[in-house]
Amino acid sequence: MSSTDPKSLLPAGLAEHVTTLSVKDGRAIAVVDAAGLNEHQRDEIKRLIDTRLLEYDDISDVRIVMTAERKQRRLIAIGSGKGGVGKSTLTANLAIALKKAGRAVGLVDADIYGPSQPVIFGNQGEKPIARDKKLVPIESSFGVPMLSMGHLVEPGRALAWRGPMAGNALSQLIDAHWGDVDTLLVDLPPGTGDVQLTMLQRYKPMGAVLVSTPQDLALIDAARAGQLFDQAGVPVIGLVENMAGYACPHCGEVSDPFGKGGVETAAERLELPFLGRIPLDLAIRQGSDRGTPPAAGDDALAKPFHDIAAKVDEWIGAKS
C-alpha cells in the first residue's frame, strides 16, 4: 500500500471506530470497537468500511471483526473531609488544566445532594440523553465532557435519598458513554459517607487528591478522608491547600484569614506530597459563579491550577 498507516485509507469519521486495520495479499482485516453502538449503527459502519476499502484496486477481500471490549478508565477522586473548602472549584479547574495538558479527561459530579459543577461549567439546565440505557455526557465549552445530578434534577430541588439510591445514581454517572475519555475526575461530596463507600466498592480509584483550607478543623476532617482512602488501598496523590492568602485589592497587603501553611505541614507529617496552594481570590469565586473557571485562561490566576495539574499528570503518567 502507498500509505504507511492503513487506517488513513478510511475517512476520519470511520477510522475513529477502527482499532486496527491491516492489508496483506489483497485482504483487509479491520477490527472495530463496537462499544456503545446499537445493531443498526454496527451494520452501517461495517457496510461503509467494506464499501470504501473495496474501492482500492489492490483490495479484493474485506474482513471486519466487531469487538466491544469495555474501556478501562482511570478514576481520580477529589475529596475533602468537610464542605466549603473549594473542592468542586478545584476539581473543575483541575479537569480543564489536565485537558489543556493533553489528557482525555471527563468529570463526574458525584456530590449527589449539592451538585455545583453545572454552574461552574456554565451548562446548568442542559439535560443528558440516554443511549442503550446509558447516559451520554454533556459536552462543555472547555472540552471536558461531564455528568452531574444537577443535569438530571431541577435546579434548587432537594434530594432526600437514602444510601442505596445515592449509590445507584453514582453508578449511572460513572457507567456512561464516555467515548475516548481515559481519565475521569470524580468530585466527591464532603465526608466519608455512602457515596464514597459505593465508589470504593464498585470503582476503585487510581488515586485521590485531598483538598483542605489551612485551619485545624478542616485539616482534621481531611485526615479522616485520607484514612478512608488508605484503608481501601487507594493512594493519595497529594494534598492541596485552598483559600491560602488574601491580597487586598486596594493596598495589596496579603493576609491569612484561614491561616497559612497548615496543609503543607500536615502533608509532611503524613508523609504525603504537597501539590500546591490556591489563593483566596474574589476573581476565582466570580469566575466559578459565571461559568468561566480561571484554569481556562493563561494568566496568573490560572497558574496555581496548572501547576497542580502538572503534578497530577506526572503522577498518572508514572503509574500508567
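Note: the hydrophobic cluster containing Ile64 also contains Ile59 (ILVMFWY, side chain heavy atoms under 4.5 Å, direct or indirect links). At a threshold of 4.5 Å between side-chain heavy atoms, the hydrophobic network of Ile, Leu, Val, Met, Phe, Trp and Tyr places Val31 and Leu54 in two separate groups. Under the 4.5 Å side-chain heavy-atom criterion for ILVMFWY residues, a single connected hydrophobic cluster contains both Leu75 and Leu197. Linking ILVMFWY residues whenever their side-chain heavy atoms come closer than 4.5 Å, directly or via other members, places Met206 and Ile237 in the same cluster. Val136 and Met149 end up in different hydrophobic clusters when Ile, Leu, Val, Met, Phe, Trp and Tyr side chains are linked at under 4.5 Å.
The environment of Asp57 atom CG is sparse: at most 12 non-hydrogen atoms of other residues, nucleotides or ligands sit within 6.0 angstrom.
Closest heavy-atom contact between Val181 and Pro145: CG2-CG, 3.6 Å. Contact detail for Gly207 and Trp315: the closest heavy-atom pair is CA-CH2, 3.9 Å. Closest approach of Ala95 to Val144, counting heavy atoms only: O-CG2, 3.9 Å. Taking each heavy atom of Ile138 and Leu147 in turn, the nearest pair found is N-CD2, 4.3 Å. Across Asp281 and Ala283, no two heavy atoms sit closer than the pair OD1-N, 2.8 Å. Of all heavy-atom pairs between Phe142 and Gly291, the closest is CZ-O, 3.4 Å.
Atom CG of residue Leu280 and atom CD1 of residue Ile278 lie 11.5 Å apart, to the nearest 0.5 angstrom. Taken from CE in Met146 to CD1 in Ile120, the straight-line distance is 8.0 Å, to the nearest 0.5 Å. Between the OG1 atom of Thr20 and the CD1 atom of Ile29 there is a distance of 8.5 Å, given to the nearest 0.5 Å. Atom OG of Ser288 is separated from atom CG of Asn93 by 6.0 Å, given to the nearest 0.5 angstrom. Rounded to the nearest 0.5 angstrom, Leu301 CG and His306 NE2 are separated by 10.0 Å. Separating the CD atom in Glu241 from the CG atom in Leu90 is a distance of 12.5 Å, to the nearest 0.5 Å.
Using a cut-off of 4.0 Å between Lys/Arg side-chain N and Asp/Glu carboxylate O, Lys303 and Asp307 are scored as salt-bridged. Here Asp298 pairs with Lys100 in a salt bridge; the nearest charged N to carboxylate O distance falls below 4.0 Å. Between Asp175 and Lys134, none of the side-chain N atoms (NZ, or NE/NH1/NH2) sits under 4.0 Å from a carboxylate O, so this pair counts as no salt bridge. Contact check on Asp50 versus Arg52 returns no salt bridge, with no Lys/Arg side-chain nitrogen under 4.0 Å from an Asp/Glu carboxylate oxygen. With salt bridges taken as basic N to acidic carboxylate O contacts below 4.0 Å, none links Glu314 and Lys311.
Remark: the backbone N or O of Val119 is not paired with any side-chain donor or acceptor of Gln124 at under 3.5 angstrom. A distance-only check finds a donor-acceptor pair linking the side chain of Gln117 to the backbone of Ser88 [under 3.5 Å]. Judged by distance alone, with hydrogens and angles left aside, the side-chain atoms of Asp182 form no donor-acceptor pair with the main-chain N or O of Arg103 at under 3.5 Å. Distance alone, capped at 3.5 Å, places no donor-acceptor pair between the Asn242 side chain and the Thr213 backbone. Under a 3.5 Å cut-off, the side chain of His177 and the backbone N or O of Leu135 do not form any donor-acceptor pair. Using modelled atom types, no side-chain atom of Lys87 and backbone atom of Asp187 make a donor-acceptor pair closer than 3.5 Å. Under the 3.5 Å distance criterion, the side-chain polar atoms of Asp313 are left unmatched by any main-chain donor or acceptor of Ala309.
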For this session: Applying side chain to side chain contact (heavy atoms under 4.5 Å, CB included), run through Arg277 and Met243 and close with a yes or a no.
Result: CA-CA 8 Å; Arg277 51 175 54 90; Met243 305 181 194; over 6 Å; no

For this session: Run the numbers on Leu184 and Arg74 for side chain to side chain contact (heavy atoms under 4.5 Å, CB included), then give the verdict.
Result: CA-CA 6 Å; Leu184 271 181; Arg74 312 177 189 94; over 6 Å; no

Problem set entry | Steps toward side chain to side chain contact (heavy atoms under 4.5 Å, CB included) verdict (Leu94, Phe305) | CA-CA 6 Å; Leu94 182 57; Phe305 296 108; over 6 Å; no

For this session: Go through Thr183 and Leu185 one step at a time and tell me if the side chain to side chain contact (heavy atoms under 4.5 Å, CB included) criterion holds.
Result: CA-CA 7 Å; Thr183 303; Leu185 266 58; 4.1 Å; yes

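The closest side-chain heavy-atom distance from Phe274 to Thr265 is not below 4.5 Å. Two residues are said to be in side-chain contact when any heavy atoms from C-beta on lie closer than 4.5 Å; Leu210 and Ser80 fail this criterion. No side-chain heavy atom of Val32 sits under 4.5 Å from any side-chain heavy atom of Thr19. The closest side-chain heavy-atom distance from Asp33 to His17 is not below 4.5 Å. Side chains of Val23 and Tyr56 form no contact here, defined as non-hydrogen atoms less than 4.5 Å apart. Leu53 has its side chain within reach of Leu9: a pair of non-hydrogen atoms, C-beta onward, lies under 4.5 Å apart. Using a 4.5 Å cut-off on side-chain heavy atoms (C-beta onward), Ser171 and Arg202 make contact. Side-chain contact between Val236 and Asp230: absent, with no pair of heavy atoms (C-beta onward) separated by less than 4.5 Å.
With 3.5 Å as the limit, one finds a donor-acceptor pair spanning the side chains of Asn123 and His151.
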